[in-house]
Amino acid sequence: MSSPYYLKGSPLNVRFNNVVGWLARHGLSIAGTAELSVRGRTSGKMQRVPVNPHVLDGVQYLVSARGHSQWVRNMRVAGGGELRVGRKVRTFTAVELPDGEKLPILRTYLEKWGWEVNQYFQGVTAKSTDEEIAACAPDHPVFRITVDG
């Protein structure tokens, strides 16, 4: 049995993510980015990573472009977290979507964020067929988030 898909960031990607996270933490969102904080499943400490929250038909989602990352594994256990842009912190609960529900979310996510994330989707883009996007769905966890309050 093979491991779930996960594409680790290069040192340059890690440095870029650190800058994007720092900017979001200090109130500057690039094209809608935010800093995600989710409780670590073993450490219990809040782990931070920049994310691209995605909205479709008024519903908010988090998509893991890199696959089954640490934040995804932590989210599965924690069931929620926080999104931060500057002083604005939104606490949320999260529900992971089954693969069969991901197609419209992944397509519109790639339309908006493809310039940044296409390299993680192994040749699948917003212009790919429904079948191609559905085939990559198991590699890209999607969480529907509900902001508290």
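Counting non-hydrogen atoms of other residues, nucleotides and ligands closer than 6.0 Å to CZ of Arg41 gives a total above 12.
Taking both residues in full, the closest heavy atoms of Pro50 and Val20 are given as CB-CG1, 3.8 Å, listed atom of the first, atom of the second, then distance. The minimum heavy-atom distance between Trp113 and Pro53, with the atom names listed, is NE1-O, 4.0 Å. Closest approach of Trp115 and Ala31 over heavy atoms only: CZ2-CB, 4.3 Å. Closest non-hydrogen pair, Gly67 versus Val72, comes out as O-CG2, 3.7 Å. Contact detail for Val85 and Thr33: the closest heavy-atom pair is CG2-O, 3.6 Å. Closest of all the heavy-atom pairs between Arg66 and Gly9 is NH1-CA, 3.0 Å.
Pairs engaging residues 8-47 under the ring-ring contact (aromatic ring centres under 6.0 Å, His included) rule: Trp22-His26 [sequence neighbours left out]. Sorted by first then second residue, the salt bridge (Lys or Arg N to Asp or Glu O under 4.0 Å) pairs that include residues 112-127, not counting sequence neighbours, number zero. Judged as a salt bridge (Lys or Arg N to Asp or Glu O under 4.0 Å), the pairs with a partner in residues 44-56 (not counting sequence neighbours) are, in order, Glu35-Arg48.
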Val49 vs Gln70, side chain to side chain contact (heavy atoms under 4.5 Å, CB included): CA-CA, chis, key distance, verdict: CA-CA 10 Å; Val49 62; Gln70 294 301 318; over 6 Å; no
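By the side-chain contact (heavy atoms from CB on, under 4.5 Å) test, Ala135 is found to be paired with no residue, residues two or more places apart in sequence or in another chain being considered. With sequence neighbours excluded, the residues that form a side-chain contact (heavy atoms from CB on, under 4.5 Å) with Asn18 are Val14. A search for salt bridge (charged side-chain N to carboxylate O under 4.0 Å, His left out) contacts involving Glu132 returns nothing, not counting sequence neighbours. Applying the salt bridge (charged side-chain N to carboxylate O under 4.0 Å, His left out) test to Asp130 and every residue at least two apart in sequence or in another chain returns Arg107. In this view, His68 satisfies the ring-ring contact (aromatic ring centres under 6.0 Å, His included) rule with no residue, not counting sequence neighbours. With sequence neighbours excluded, no residue forms a side-chain hydrogen bond (donor to acceptor under 3.5 Å, both in side chains) with Ser128. Under the salt bridge (charged side-chain N to carboxylate O under 4.0 Å, His left out) criterion, Arg76 pairs with Glu96, not counting sequence neighbours.
Interatomic distance, Leu103 CG to Leu97 CG, rounded to the nearest 0.5 Å: 12.0 Å. Note that CG of Asn74 is 7.0 Å distant from OG of Ser43, once rounded to the nearest 0.5 Å.
Hydrophobic clustering (ILVMFWY, side-chain heavy atoms < 4.5 Å, transitive): Tyr120 and Ile105 are in one cluster. Linking ILVMFWY side-chain heavy atoms closer than 4.5 Å, directly or via other members, places Trp71 and Val77 in two distinct hydrophobic clusters. Tyr109 and Leu7 fall within a single hydrophobic cluster, where Ile, Leu, Val, Met, Phe, Trp and Tyr side chains are chained together by heavy-atom contacts under 4.5 Å. Follow the hydrophobic side-chain contacts under 4.5 Å out from Ile133 and you reach Tyr5 in the same cluster.
Looking at Arg84, its side chain never comes within 3.5 Å of a backbone N or O of Val89 through a donor-acceptor pair.
A heavy-atom distance below 4.5 Å is not found between the side chains of Leu110 and Thr125. Contact check for Asn52 versus Val117: side-chain heavy atoms found under the 4.5 Å cut-off.
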Donor-acceptor pairs under 3.5 Å, side chain of residues 140-149 to any protein atom, not counting sequence neighbours: which ones?
unit_1 : atom_1 : unit_2 : atom_2 : d
His140 : ND1    : Ser64  : O      : 3.2
His140 : ND1    : Ala65  : O      : 2.9

List the atom pairs, with distances to 0.1 Å, where a side-chain N or O of residues 56-63 and a protein N or O form a donor-acceptor pair under 3.5 Å, not counting sequence neighbours.
unit_1 : atom_1 : unit_2 : atom_2 : d
Gln60  : OE1    : Arg90  : NH1    : 3.1

